[in-house]
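Structure record follows, encoded as structure tokens.
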Amino acid sequence: MSKKILVVDNNPVILKFMVHLLEKEKHQVVTAENGLAALDLLTTFTPDVIFIDLVMPQIGGEKLCQIIRGTPKLKDVYIIILSAIASEREIRTNNLGVNTCIAKGPLNKMAQNVLLALEKSDQSSSTFLPGQIIGSEDVFPRDITKELLYIKRHFEIILKSMAEGILEINPEGRIVYANSAAISLVNLPENKLLGSNFTDLFKETDRPRLKSFLKAIDIQPQALNGEVSPIMNSKQISLSLIPILDNEDKTFIIILSDVSERKRMEAQFLQAQKMEAIGTLAGGIAHDFNNLLMVIQGNASLMLLNVDPSHPHHEMLLSIVNQVQSGSKLTSQLLGYARKGRYEVRPIQLNELIKETSNTFGRTRKEIRIHRELANDLFPIEGDLGQIEQVLMNLFVNAADAMPQGGDIFLKTTNIPQRDILGKFYNLKSGDYVLLTITDTGIGMDPKTLERIFEPFFTTKELNRGTGLGLASVYGIIKGHGGHIDVESEEGRGTTFKIYLPATNGEIQKTIKAPDHIIKGTGTILLVDDEEMVLEVGERFLKVMGYQVLTAREGREAIEIYRKHRETIDLVLLDIIMPNMKGGEVFDRLKEINPDIKVLLSSGYSIDGEASHILERGCCGFIQKPFNMNQLSQSIGTILRNNLVS
Amino acid sequence: MKLKELAKSLELEQDEFLELVYLFVKTSSSDLNKLQSAIEEGDSQKVAGFAHSIKGAAVTLGFTEIFEYAKKMETNARVNDLNGATGVVKSIEDEIGRIAKRFHKEIKSKN
């Protein structure tokens, strides 16, 4: 009976011989010179019998058998291995789904065996024993080949156990080999992967770049450079190509590694560096502005004391004071961003703060529904109450702005034990954390906006509605608290902020609100500041509060004055950032003169850094510029309790 | 052995056999060139591979001399011994040359 037969062999002598032999027997014969060509043929041609050589370029015989047996329409095809190495290796016929093996040898013997095998293929079950090889008795023993095969298997094991994906592609760019790691990276079954086009595995936008890379590569191994790694299955992949100039053709070995995680960490690191640099700049500007605002606000409030409320200037002065207050809020946000604004850090219960802030916010925005899912046993966090409140408010306002027609805000807190945070974020200390997620159902953001939202002065809001400092300060405050903030958003699908804050073992304390009026006192205060105007305003403030005032414009002068008037000076109000001798050194020298000296620090910067070190060395307190008379009187009042006028 | 006799021993028609011999001469010559380059590069693995390929083709057509030479070369190359390899290439080349000559003679006599 005539059969449709496919012969796959890279030796033209064998192909020609088989064609002659089989056509003489009236069979229909088609040939292919390697595994890949055979696979191409098999997409349109379904033979009854396939003869397959084992050692071939571009997909070998064993792999070809596996693929054929994995293809439903070819599962009943009769497979005959025709190979010179068949006698040297125990062919795993059962595994490969092979029906018969014939060893290559002198053509007359081979012809007999081929015809015998074809005859047997008609019978319903094979009469050959599994593993039996016909014709091997005529083949010369080949120990050498056995050794070669041993080495080949050895390399196969190495390739299989490598963490990197290894692919081989033919000159047309089609895949002819893939190791296990490559198969799992691509996430396609091997029979689909082999024969498919290499560049098609990648995202469409990456394909032209990869094609020109393949075309341009010479004879030296080369890695694909460029800032952006190509994307395969949503993974960022690094590529190294090793050209193999075997025969006349150039094939490539390609080494693939999944670098998504590394790239993510790199991006986090770069972003952190950028934010740090902008932060330093923003902090410097805020410092100088605070000194200016201090003077304006000081003078305005002093003038207010002497102007009758009926006078037309009274209202103008009030307006100046109010505007300065708005300005001061801006600089405090800048300082927040610059992480230079942690004034008062203590253990706080985040859930309580969330309840209070969201209730207050909810009352002002009736169209927003707030849902809370707060963990019962949430760890306390170490933080500045005012700043965390600022974070929450900023995020609520942003969420509400993203939902002009109303919507929902979901607030959720969870404890994150140390083991769940390890290695997750760049530069985060180990320890337990508290996670707060704030999700809205608003308009969401595109990826470009998402990339920049934490940058200061970046805003999507219309002019006069946003300063571009809200989220920047949120970012700075969270970083300043040793935390981490993440954001996920999709256009039209809302936004989720995830805030991680380090947990603490400290005990929660209740806060006592300070009185809202000037506390008067008596005694002498030495005021030290290099800014002439600040000095003037400060002196006037202190006099209004009832104190005697001595002033110094720099460190040495301050030390000298203190030495002279040590007995009468009750407190030193000391600026930190000064030329020549810095506040810290001045403090140490004063402390040498009088170990019990009372010093209140002031700065346009915040308590972080320099100020906190001085506080640790026994300084009594810190006040942030610009301060008004109330605040200054209260700060002095807490230190000089005995000097107060009741 | 004459080609005619060889064809007979392999139970092949003469024309068919000549066609196979032609293919053998062609592919083996190309393999030999690659083999020579591999020897010059000192790449024993490649030498063993090409020798194996020539050996396999020779055995099917009953060219026992070529089979023996190629087998010797493959054995040596496997233990990184390429000494005298160029000499063996020459011997195989000579054998293939002789076969080619006989092939042309047969073709001429047929015409």
Side-chain angles (χ1 to χ4, degrees), chain A residues 9-24 31 33 53-57 82-88 102-115 135-136 138-152 154-155 219 244-249, chain B residues 6-31 33-35 37-38 41 43-64 66-68 70-81 99:
Chain A
D9 200 310
N10 63 322
N11 186 337
V13 176
I14 298 289
L15 281 185
K16 184 55 90 180
F17 164 73
M18 289 294 282
V19 170
H20 279 308
L21 176 71
L22 297 170
E23 281 182 348
K24 244 186 267 172
T31 61
E33 58 185 16
D53 183 19
L54 283 180
V55 183
M56 288 185 294
L82 184 61
S83 176
I85 64 165
S87 57
E88 287 128 17
I102 297 174
K104 280 182 187 169
L107 292 179
N108 53 334
K109 299 281 180 193
M110 238 176 78
Q112 282 171 16
N113 291 330
V114 165
L115 297 178
S136 59
D138 296 311
V139 185
F140 304 86
R142 299 173 189 172
D143 289 338
I144 306 301
T145 325
K146 271 185 191 164
E147 200 181 328
L148 266 174
L149 289 169
Y150 169 75
I151 291 169
K152 180 174 175 275
H154 189 86
F155 281 125
I219 45 168
I244 309 278
L245 278 167
D246 244 353
N247 312 327
E248 294 82 15
D249 291 331
Chain B
L6 211 49
K8 204 174 166 191
S9 77
L10 291 174
E11 298 162 40
L12 292 172
E13 306 255 337
Q14 207 195 343
D15 285 353
E16 188 188 338
F17 183 65
L18 285 179
E19 201 179 343
L20 296 179
V21 170
Y22 168 74
L23 280 172
F24 171 77
V25 171
K26 201 173 132 192
T27 41
S28 300
S29 304
S30 147
D31 277 352
N33 287 337
K34 290 171 198 162
L35 183 59
S37 317
E41 286 166 23
D43 190 337
S44 314
Q45 288 291 323
K46 265 192 191 172
V47 172
F50 287 123
H52 179 73
S53 161
I54 294 172
K55 189 182 75 175
V59 75
T60 54
L61 293 173
F63 297 137
T64 41
I66 297 180
F67 170 80
E68 291 298 340
K71 182 180 161 191
K72 186 177 165 198
M73 181 168 321
E74 188 185 346
T75 314
N76 292 341
R78 277 301 308 128
V79 289
N80 292 324
D81 177 9
I99 293 167

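Since the model is a prediction, treat every value here as computed from it, not as a measurement. Numbered from 1 within each chain, the chains take letters A, B, ... in sequence-line order.
- Side-chain atoms of Asn11(A) and Thr60(B), non-hydrogen and from C-beta on, never get closer than 4.5 Å to each other.
- Looking at heavy atoms from C-beta onward, Asn108(A) lies out of side-chain contact with Leu12(B) at the 4.5 angstrom threshold.
- At a threshold of 4.5 Å between non-hydrogen side-chain atoms, the residues Leu10(B) and Pro106(A) count as touching.
- For Asp15(B), the salt bridge (charged side-chain N to carboxylate O under 4.0 Å, His left out) partners two or more places apart in sequence, or in a different chain, are Lys110(B).
- For CD of Glu13(B), the number of neighbouring non-hydrogen atoms (other residues, nucleotides, ligands) closer than 6.0 Å is 12 at most.
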N/O donor-acceptor pairs under 3.5 Å from side chains in residues 12-24 of chain A, not counting sequence neighbours:
from     : atom 1 : to       : atom 2 : distance (Å)
Lys16(A) : NZ     : Glu19(B) : OE2    : 3.1
His20(A) : NE2    : Glu19(B) : OE1    : 2.9
Lys24(A) : NZ     : Glu16(B) : OE1    : 3.1

